[in-house]
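Read the structure below first, then the notes.
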Amino acid sequence: MENYQDIHVSSEVGTLRRLLIHSPDEGIGKVIPTKAQDWLFEDIVHLDTMRKKEYDLYLKILLYFLDYNKIHSVIHKIDLPENERHFYKPDKEKYFNSDKVIEPQALLSSLLDEKELRQRMIASVCAHEGTSYLLQEELMELESSVLARTLISGILPDKRMIFPPIPNLIFTRDIGITVNDHILLNKPKKKARTRESILMKYIFFNHSMFQNYTDKIIEITDPEDFFLLDEEEQEKKLVTIEGGDVMMVAPNHLLVGVSERTSIHAASKVIHEMHDRNIVEKVTIVKIPAKRAYMHIDTTFTQVKRDMWVIFGSFSKEGLKKEKGDFISSLGGSKSENELEILQYVKGEDYNTPIRFNYLEDLLNDISVNDLKSESPTKFIYSGDNEFPHGRREQWTDSCNVLALKEGVVIGYDRNDKTSNGFKKQGMNVIKAADLLDQLIKEEVHPDDISNTLILLPSAELSRARGGSHCMSMPILRDHL
């Protein structure tokens with residue numbers, strides 16, 4: 001029986017026992033078209049649909065797999081109109097309050113009961129947001145549960161909007177990543193995510209859940225002389241990292257993406273931290289094009305089970321060959337924009353001569369065979385089932401971004417039809433989340449008995465935010481494979 005404070009993740013597909021998630025808050029419903037992209041959403045969303053028809057299903061599936069008794073006994077009551085969705089709201093008495101499916105807002109609320117922490121958090125957030133001193137005084141008077149909601153949503157009980165929303169907090173993967181028994185915190189590139197980072201640091205360093213791990217929390221910071229550099233030099237030496245670019249693929253192996261959001265200087269710091277602290281033996285850097293379409297490495301590939309991955313076909317061996325077509329390489333010109341640079345750094349080896357992988361499949365196969373000891377051939381499912389133009393269309397709506405509840409059981413988005421066909425071709429069952437939930441409620445099936453399954457989550461509104469189920473999770477405890 002795991003302890004409430006256990007924190008350990010050594011793979012992407014070991015049975016999931018505990019994670020952090022954040023349900024869409026009222027701030028998301030305040031995003032306006034002119035600010036959507038500044039706040040890193042692709043479009044405005046319909047909040048009620050996102051919550052009731054999409055995210056609530058995600059939450060129920062998570063609870064059934066991770067905290068069965070917490071939901072099964074009350075499943076027929078939670079959506080009754082008279083209960084006003086209080087089951088989903090951390091500031092309500094009937095909130096589900098699981099210690100396995102954990103809401104940062106609930107953790108924040110408990111910290112705000114401590115006066116000194118309350119003062120420090122309010123001061124930090126208000127300094128970042130540039131508010132008045134009098135507003136700080138007003139916030140100090142709020143009840144803890146109300147203040148937690150306000151610090152996240154930016155909205156006071158009287159509906160005044162005092163901060164910008166932080167809609168990307170639903171993507172809890174980006175706030176940090178669990179690397180064995182350590183937690184690597186993010187350092188976001190975009191100002192729109194800074195308040196998330198501030199709030200989560202207070203939680204990680206002060207909440208009792210993490211009290212045995214404070215010396216194992218890793219913060220990646222700018223160089224000491226960074227503030228002395230001019231803007232051009234600062235841009236070159238920027239240190240930014242987000243959890244979507246970090247994957248704990250095996251006990252001895254961490255992947256770090258260099259992307260639109262994670263800088264090469266941050267990746268360098270991570271390599272040193274991982275080796276100096278003796279956390280992992282290998283750190284592999286996967287450099288992808290710095291484009292909004294790709295954003296993080298987990299939008300281009302994720303793991304299904306030890307011998308199976310779902311990946312973006314344009315980054316594949318076959319995709320790159322097809323793109324080059326009949327082009328005569330001796331004519332010169334730039335290489336394909338989709339060619340990746342993959343460099344592996346091994347503890348104790350010369351950093352100037354890293355191991356290189358020519359193709360993404362080569363790296364993923366090496367992880368499956370050599371790190372995870374898979375004895376079967378590695379299988380690849382491609383976005384859009386590698387059909388043009390569906391590969392690119394479905395990668396945009398997170399076909400490659402799946403969360404493993406256990407090895408071979410993953411959650412994806414229902415709109416990616418061609419990718420679902422690719423799963424079926426590899427022998428995977430495919431079921432809509434609502435249908436699975438109905439079977440679970442009727443006890444026709446138990447989570448322990450489900451295997452080799454892609455669970456399809458409704459995603460018309462969620463996909464507008466450009467993040468899938470992998471993005472919407474920060475695992476803090478998985479079983480060892």
Side-chain angles (χ1 to χ4, degrees), residues 7-9 12 16 18-25 27-28 39-41 55 58 62 90 101-111 121 124-125 128 148-149 151-154 163-179 181-207 209-210 213-214 216-221 239-248 254 256-257 259-263 266 269-270 273 295-299 401 403 465-478:
I7 293 174
H8 202 282
V9 173
E12 284 283 311
L16 186 58
R18 189 174 293 122
L19 82 167
L20 297 181
I21 61 156
H22 176 61
S23 297
D25 60 75
I28 292 176
W39 292 335
L40 311 180
F41 264 42
Y55 197 94
Y58 176 61
L62 289 175
V101 180
I102 303 160
E103 166 64 67
Q105 185 176 323
L107 303 182
L108 190 61
S109 179
S110 67
L111 287 184
M121 269 191 266
S124 296
V125 169
H128 169 66
R149 190 176 73 225
L151 291 176
I152 289 172
S153 69
F163 306 137
I166 45 173
N168 295 277
L169 187 56
I170 62 169
F171 303 128
T172 49
R173 173 78 51 161
D174 289 331
I175 60 182
I177 198 84
T178 311
V179 184
D181 60 349
H182 286 66
I183 297 173
L184 174 64
L185 297 188
N186 82 341
K187 188 173 182 297
K189 182 173 183 179
K190 308 291 185 179
K191 185 181 177 183
R193 304 205 71 170
T194 303
R195 192 161 90 245
E196 295 173 51
S197 183
I198 292 169
L199 295 174
M200 291 310 303
K201 282 184 183 181
Y202 275 102
I203 290 171
F204 287 127
F205 280 104
N206 294 282
H207 198 278
M209 180 181 297
F210 305 101
Y213 294 87
T214 52
K216 294 182 177 182
I217 297 172
I218 302 168
E219 296 184 87
I220 303 297
T221 58
V239 173
T240 61
I241 186 167
E242 294 184 5
D245 277 319
V246 187
M247 290 186 194
M248 189 61 199
L254 186 72
V256 178
S259 66
E260 181 198 45
R261 303 282 182 84
T262 297
S263 71
K269 283 177 173 280
V270 171
E273 286 282 351
M295 200 181 340
H296 298 129
I297 59 171
D298 74 352
T299 71
N401 191 274
L403 170 68
R466 291 298 319 284
S469 58
H470 193 267
C471 295
M472 296 190 299
S473 66
M474 181 191 169
I476 57 176
L477 184 64
R478 285 187 183 271

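Val246 places none of its side-chain heavy atoms less than 4.5 Å from the side chain of Thr262. Counting heavy atoms from C-beta outward, Ile476 and Ile102 have side chains that approach closer than 4.5 Å. Looking at heavy atoms from C-beta onward, Met474 lies out of side-chain contact with Ile177 at the 4.5 angstrom threshold. Side-chain atoms of Arg195 and Leu151, non-hydrogen and from C-beta on, never get closer than 4.5 Å to each other. The shortest side-chain heavy-atom distance between Leu108 and His207 does not fall under the 4.5 Å cut-off. At least one side-chain heavy atom of Val179 sits less than 4.5 Å from a side-chain heavy atom of Met248.
Taking each heavy atom of Gly467 and Phe171 in turn, the nearest pair found is CA-CE2, 3.5 Å. Considering every non-hydrogen atom in both Met200 and Ile175, the closest pair reads CE-CD1, 3.4 Å. A pairwise comparison of heavy atoms in Val256 and Ile297 identifies C-CD1, 4.4 Å as the closest pair. Counting all heavy atoms, side chain and backbone alike, Ser473 lies closest to Ile21 at CA-CG2, 4.4 Å.
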- Item | His128/Phe163 under side chain to side chain contact (heavy atoms under 4.5 Å, CB included): CA gap, chis, key distance, verdict | CA-CA 10 Å; His128 169 66; Phe163 306 137; over 6 Å; no
- Query: Can Ile241 and Val270 be said to form a side chain to side chain contact (heavy atoms under 4.5 Å, CB included), step by step?
  - Reply: CA-CA 9 Å; Ile241 186 167; Val270 171; 3.6 Å; yes
- Task: Go through Ile183 and Ile218 one step at a time and tell me if the side chain to side chain contact (heavy atoms under 4.5 Å, CB included) criterion holds.
- Result: CA-CA 6 Å; Ile183 297 173; Ile218 302 168; over 6 Å; no
- Run the side chain to side chain contact (heavy atoms under 4.5 Å, CB included) check on Leu185 and Ile217 step by step: do they pass? CA-CA 7 Å; Leu185 297 188; Ile217 297 172; 3.6 Å; yes
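Taking Glu273 as the reference, Arg277 meet the salt bridge (charged side-chain N to carboxylate O under 4.0 Å, His left out) condition, with sequence neighbours excluded. Every residue two or more places apart in sequence or in another chain was checked for a side-chain hydrogen bond (donor to acceptor under 3.5 Å, both in side chains) with Arg466, and none qualifies. Judged as a ring pair (Phe, Tyr, Trp, His ring centres under 6.0 Å), and not counting sequence neighbours, the contacts of His8 are His480. With sequence neighbours excluded, the residues satisfying side-chain hydrogen bond (donor to acceptor under 3.5 Å, both in side chains) with Asp174 are Arg193. Here Phe204 pairs with Phe210 under the ring pair (Phe, Tyr, Trp, His ring centres under 6.0 Å) rule; sequence neighbours left out. Taking Glu12 as the reference, His470 meet the side-chain hydrogen bond (donor to acceptor under 3.5 Å, both in side chains) condition, with sequence neighbours excluded.
Between the side chain of Thr240 and the main chain of Arg261, a donor-acceptor pair closer than 3.5 Å is present. With hydrogens and angles ignored, the 3.5 Å screen pairs no side-chain donor or acceptor of Ser153 with any backbone N or O of Asp25. Panel note: side chain Lys269, backbone Thr221; a donor-acceptor pair is recorded below 3.5 Å. With hydrogens and angles disregarded, no donor-acceptor distance shorter than 3.5 Å links the side chain of Glu103 to the backbone of Pro90. A donor-acceptor pair under 3.5 Å is absent between the side-chain atoms of Ser109 and the main chain of Ala148, judged by distance alone. Without hydrogens or angle criteria, Tyr58 side chain to Ser23 main chain gives no donor-acceptor distance under 3.5 Å. In this structure, Ser469 contributes its side chain and Leu403 its backbone to a donor-acceptor pair below 3.5 Å.
Using a 4.0 Å cut-off between charged nitrogen and carboxylate oxygen, Lys201 and Glu219 count as a salt-bridge pair. Electrostatic pairing of Lys216 and Asp181 counts as a salt bridge here, judged by a charged N lying under 4.0 Å from a carboxylate O.
Only one option out of Lys190, His296, Arg173 pairs with Glu242 in a side-chain hydrogen bond (donor to acceptor under 3.5 Å, both in side chains); it is His296.
For the residue pair Ser259/Asp245, the side-chain donor-acceptor check at 3.5 Å is satisfied. Checking Asn186 against Ser197 by side-chain atom types alone, a donor-acceptor pair falls below 3.5 Å. In the model, Tyr202 has a side-chain atom that pairs as donor or acceptor with a side-chain atom of Ser124 under 3.5 Å.
Taken from CD in Glu196 to OG1 in Thr172, the straight-line distance is 9.5 Å, to the nearest 0.5 Å. Atom CG in Leu169 sits 8.0 Å away from atom CG in Leu199 (nearest 0.5 Å). A distance of 6.5 Å separates NZ in Lys189 from CD in Glu260, rounded to the nearest 0.5 Å.
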